[in-house]
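Here the structure is laid out as structure tokens; the discussion comes afterwards.
In what follows, chains carry the letters A, B, and so on, assigned in the order in which the sequence lines appear, proteins first and then strands, with residues in each chain numbered from 1. A quick note: this is a predicted structure, and the numbers were derived from the prediction, not measured.
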There are 2 protein chains.
Amino acid sequence: MTVYTPGQVAEETGFSLDTLRYYERIGLLRRVRRNAAGQRRFTEDDVSWLGMVRCLRDTGMPIAEMRRFAELVWQDEPNVKDRIAVLERHDRKVEEQIAELRRQQDVIKRKIAYYRGVLAIPDGVTAQDRESAS
Amino acid sequence: MTVYTPGQVAEETGFSLDTLRYYERIGLLRRVRRNAAGQRRFTEDDVSWLGMVRCLRDTGMPIAEMRRFAELVWQDEPNVKDRIAVLERHDRKVEEQIAELRRQQDVIKRKIAYYRGVLAIPDGVTAQDRESAS
DNA sequence: ACTTGAGGTGGAGCGCACTCCAGGGACCAG
DNA sequence: CTGGTCCCTGGAGTGCGCTCCACCTCAAGT
């Protein structure tokens, strides 16, 4: 059974050593096994869970909610429906985030277009450069 | 010339009164005019700039960078090209954010599908529910 | 024997973006 | 006059998610 040192896990997941320890402290990572010398040895499962954490984190899920999801995952009761519910809810939030970004990106693009228009004015025209966002 | 009270601006822009005052303090909003009693009276320009701020903020631009952009906008030198440069750089970042969200959303969707598969197993099968994220 | 480097702990500190608060005006309606 | 509502100021506090630090241990290499 393969295990990973903290350094390897940091390398692989992109989390810093401090962050890995922090996640363990706050219970976002279940108690990691230790070798004889008390050093952490992560399992494959730990690493793949961290992959999930990265994904949820990078899509803006707050730590408290990840912890709640973790509890679900670590119970071995048949709560698969609950897990699905959490993920679907989050998926919808991600969708909404993307939509919002697109909307705002549109405003930015229009602003850029407006500025391009200003640049295109022959020159010598009085600075007609007032911020009327459209 | 129309002016707006803090309350109206808060209403219209969605920023809290405290946030409006905060933005003024840190120079993200230029010194707002006051009436005889020392109360703020925002101009149309203030409000439309706040619209831009909301847009940049909601797409993740840090305050420090918004301040730099604000400086550009408030100079009346012909720096339109610089403004365009800032906005285009930001636009690309937003694009990258969206792409990243889509990538991670995909992982979530695959996880959901995996869980659905688990649910579909006839029942009575030994909890083969190990987290192998695929 | 010694150096190097990875890792351990507990706890303090940080950066960001607000948010709240105490204590005080200005003005209006009843 | 009383109350209510809106607004003012300076400064302290908050919540999140890390990040840093001092000081210690252990194991491997030369």
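From one end of the helix from C:dA1-D:dT30 to C:dG30-D:dC1 to the other, with five pairs defining each end axis, the axis direction shifts by 10° (rounded to 10°).
Listed by chain and number, the residues in a salt bridge (Lys or Arg N to Asp or Glu O under 4.0 Å) with B:Lys81 amount to none (sequence neighbours excluded). Residues passing the salt bridge (Lys or Arg N to Asp or Glu O under 4.0 Å) test with B:Arg54 are B:Asp58, sequence neighbours excluded. For B:Asp46, the side-chain hydrogen bond (donor to acceptor under 3.5 Å, both in side chains) test picks out B:Thr43, with sequence neighbours left out. Not counting sequence neighbours, A:Arg25 has no partner by the salt bridge (Lys or Arg N to Asp or Glu O under 4.0 Å) test. Among residues two or more places apart in sequence or in another chain, the salt bridge (Lys or Arg N to Asp or Glu O under 4.0 Å) test is passed with A:Glu100 by A:Arg103. Listed by chain and number, the residues in a side chain to side chain contact (heavy atoms under 4.5 Å, CB included) with A:Ile26 are A:Tyr22, A:Tyr23, A:Leu28, A:Ile63 (sequence neighbours excluded). Residues that satisfy the side chain to side chain contact (heavy atoms under 4.5 Å, CB included) test with A:Gln97, not counting sequence neighbours, are A:Val94, B:Leu101.
Taking 4.0 Å as the cutoff to heavy atoms of chain B, we find the contact window on DNA chain D bounded by D:dC7 to D:dT9.
Considering B:Arg41, B:Glu44, B:Glu12, B:Arg40 as possible partners of B:Tyr4, the one that fulfils the side chain to side chain donor-acceptor pair (under 3.5 Å) test is B:Glu44.
Here the closest heavy-atom approach between residue B:Gln75 and residue B:Arg83 is recorded as O-NH2, 3.6 Å.
Checked for salt-bridge contact, A:Glu24 and A:Arg30 miss the test: no charged N lies under 4.0 Å from a carboxylate O.
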Worksheet item: When you check every protein heavy atom under 4.0 Å of nucleotides 7-20 of chain C, what one-letter string (B, S, -) results, 5' to 3'?
Response: SSB-------BBBB
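Within residues 95-104 of chain A, no residue approaches DNA chain D, by heavy-atom distance under 4.0 Å.
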Discussion item. Let's go through B:Leu17 and B:Arg21 carefully: what are the C-alpha distance in whole Å and the side-chain angles of both, what is the deciding distance for side chain to side chain contact (heavy atoms under 4.5 Å, CB included) to 0.1 Å, and is it a yes or a no?
Written reply: CA-CA 6 Å; B:Leu17 293 170; B:Arg21 288 192 278 260; 4.0 Å; yes
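Sorted by first then second residue, the ring pair (Phe, Tyr, Trp, His ring centres under 6.0 Å) pairs that include residues 90-110 of chain A, not counting sequence neighbours, number zero.
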